[in-house]
Novice: 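Structure below; questions to follow.
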Amino acid sequence: MTRGALVQLETPDEFRGRVSSVEHVVGVAGPEVGNFRGGVLASLTSAPVALVVGGLAASAVVGLVAWRNAPLRRYRTPAATTAMARAVPAEST
């Protein structure tokens, strides 16, 4: 599930334009901030060190968000929920 799809599916209609705009700004600015961080770190150390530190930091942030955000971990798209319901046979009593 992509960030954009999640925003479109879960944002109420009356806020979708505003929220999509903010999501777009974050999506455009985020990589630039990462590039700046990588450049500064590479100039202080070396490119391989900056690459490894950046990868470890990104992995740590993803792990932290996954650990702290239980609703996001449990999120299922409406289509996935319907497909899972069809795949699981009803229990017979």
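The first residue of the sequence shown is numbered 1, and numbering continues consecutively from there.
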Novice: Using 0.5 Å steps for rounding, measure from the CZ atom of Arg16 to the CZ atom of Arg18.
Specialist: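 Output value for this atom pair is 13.0 Å.
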Novice: What heavy-atom pair brings Gly38 and Ala50 nearest, and what distance separates the two atoms?
Specialist: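 Nearest heavy atoms, Gly38 then Ala50: O-CB, 3.7 Å.
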Novice: Applying the 4.5 Å side-chain criterion to the ILVMFWY set and letting contacts propagate, would Val61 and Leu72 be lumped into a single cluster?
Specialist: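 In one cluster with Val61: Leu72, yes.
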Novice: Is any side-chain heavy atom of Leu9 less than 4.5 Å from a side-chain heavy atom of Tyr75?
Specialist: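 A side-chain contact exists here, since the closest heavy-atom pair is under 4.5 Å.
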Novice: Any donor-acceptor pair under 3.5 Å linking the side chain of Ser43 with the backbone of Val40?
Specialist: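 At least one qualifying donor-acceptor pair exists.
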Novice: State whether the number of non-hydrogen atoms from other residues, nucleotides or ligands found under 6.0 Å of Arg73 atom CZ is greater than 12.
Specialist: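 Yes, because the 6.0 Å sphere around CZ of Arg73 holds more than 12 heavy atoms from other groups.
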Novice: Distance from Leu6 atom CG to Glu23 atom CD, nearest 0.5 Å?
Specialist: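 It comes to 9.5 Å.
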Novice: The criterion is salt bridge (charged side-chain N to carboxylate O under 4.0 Å, His left out); which residues satisfy it with Glu10, sequence neighbours excluded?
Specialist: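 So Glu10 forms no salt bridge (charged side-chain N to carboxylate O under 4.0 Å, His left out) with any residue.
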Novice: Compare all side-chain heavy atoms of Thr11 with those of Ser20 and state whether any distance is below 4.5 angstrom.
Specialist: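 Answer no - side chains too far apart.
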Novice: Measuring from Leu51:CG to Ser46:OG, what's the distance to the nearest 0.5 Å?
Specialist: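 Output value for this atom pair is 9.5 Å.
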Novice: Any link between Val25 and Val7 through a network of hydrophobic side chains (Ile, Leu, Val, Met, Phe, Trp, Tyr) touching at under 4.5 Å?
Specialist: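 No, it is not one cluster - the side chains of Val25 and Val7 are not joined through contacts under 4.5 Å.
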